[in-house]
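To keep things clear, I will list the structure first and then write my remarks on it.
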Amino acid sequence: MRPLDLVRGRPFGGAGAHTWAAPLVQTMTGQIVDTAHAIATLRVQDEVLDIEAPRRAVAVGLDVEPAAEVLYRSWMRIEHRAGNQAGVREVIDQVRQMTGGGTECSRTRQSS
């Protein structure tokens, strides 16, 4: 996980204070999320699972981009691989909270 050891939150603290940095922030954020996802995916496939390594990768990525769907999917896979059903439900609850519960979409689909 060494590449992510260098990450300390959003690049430039986000682009709000530095509009000139907005394109850099966007690029760097995407690269951090991609790296976190790649590390989590590879580490969860290890024969001997060190569950903390992929969890740390996802945590770093979500600290940088809290809305990164790919990282929530990785997190669910990690918890499932660890046999932690409560952890899977926790991730689902966080996604629902972030998206406003998702109840509107499911009701709309059912009534169509």
Side-chain angles (χ1 to χ4, degrees):
M1 200 179 97
R2 289 187 181 214
L4 295 178
D5 289 344
L6 302 173
V7 177
R8 303 282 186 266
R10 279 188 75 75
F12 297 101
H18 308 287
T19 55
W20 60 268
L24 292 173
V25 169
Q26 185 174 4
T27 299
M28 292 170 73
T29 299
Q31 290 173 342
I32 292 166
V33 168
D34 290 347
T35 302
H37 172 63
I39 290 171
T41 299
L42 292 172
R43 295 303 302 266
V44 81
Q45 295 172 1
D46 288 348
E47 191 172 314
V48 177
L49 181 62
D50 169 15
I51 197 66
E52 291 309 312
R55 279 180 178 156
R56 277 192 315 271
V58 167
V60 169
L62 288 174
D63 188 42
V64 170
E65 181 52 75
E69 179 185 339
V70 69
L71 295 178
Y72 286 100
R73 285 187 275 138
S74 291
W75 189 8
M76 282 188 269
R77 283 188 201 101
I78 292 163
E79 298 306 334
H80 176 74
R81 171 77 162 56
N84 183 5
Q85 294 307 310
V88 173
R89 284 190 294 276
E90 177 186 337
V91 177
I92 292 168
D93 288 345
Q94 283 194 23
V95 170
R96 283 184 178 154
Q97 216 173 27
M98 185 177 63
T99 61
T103 54
E104 291 300 314
C105 292
S106 59
R107 285 187 190 144
T108 304
R109 278 190 222 135
Q110 289 174 352
S111 63
S112 298

Exercise. Just jot down the salt bridge (Lys or Arg N to Asp or Glu O under 4.0 Å) partners of Arg55, sequence neighbours excluded, or say none.
Key: Glu52, Glu79
Quiz item: Are Met28 and Arg10 close enough that some pair of their side-chain heavy atoms sits under 4.5 Å apart?
Solution: no
Quiz item: Is the number of heavy atoms from other residues, nucleotides or ligands under 6.0 Å of Gln97 CD greater than 12?
Solution: no
Quiz item: Hey, does Gln94 have a side-chain heavy atom less than 4.5 Å from the side chain of Met98?
Solution: no
Quiz item: Which atom names give the shortest non-hydrogen contact between Leu4 and Ala36, and what distance separates them?
Solution: CD1-CA, 3.7 Å
Self-check item: Spacing of CD1 belonging to Ile32 relative to OG1 belonging to Thr27, to within rounding of 0.5 Å
Solution: 11.0 Å
Exercise. Could you pull out the closest heavy-atom pair between Ala40 and Ala57, with the gap in Å?
Key: N-CB, 4.1 Å
Practice problem: Please report the shortest heavy-atom distance between Gly9 and Asp63, naming the atom on each side. | Solution: CA-OD2, 3.5 Å
Exercise. Would you indicate whether the side-chain heavy atoms of Asp93 and Arg96 approach each other to under 4.5 Å?
Key: yes
Exercise. Look up atom CG in Leu62 and atom OG in Ser74, then write down how far apart they are to the nearest 0.5 Å.
Key: 9.0 Å
Quiz prompt | Contact check, side chains of Val88 and Asn84, non-hydrogen atoms, under 4.5 Å | solution = no
Self-check item: Nearest non-hydrogen partners of Val33 and Gly61, listed with the distance
Solution: CG2-O, 4.3 Å
Exercise. List for me each residue that meets salt bridge (Lys or Arg N to Asp or Glu O under 4.0 Å) alongside Asp46, sequence neighbours excluded, and say none if there are none.
Key: Arg43
Quiz item: What distance do Asp34 atom CG and Glu65 atom CD have between them, rounded to the nearest 0.5 Å?
Solution: 11.5 Å
Exercise. Calculate, to the nearest 0.5 Å, the distance between atoms CG and CE belonging to Leu71 and Met76 respectively.
Key: 11.0 Å
Self-check item: N/O donor-acceptor pair under 3.5 Å between Tyr72 side chain and Ile92 backbone
Solution: no
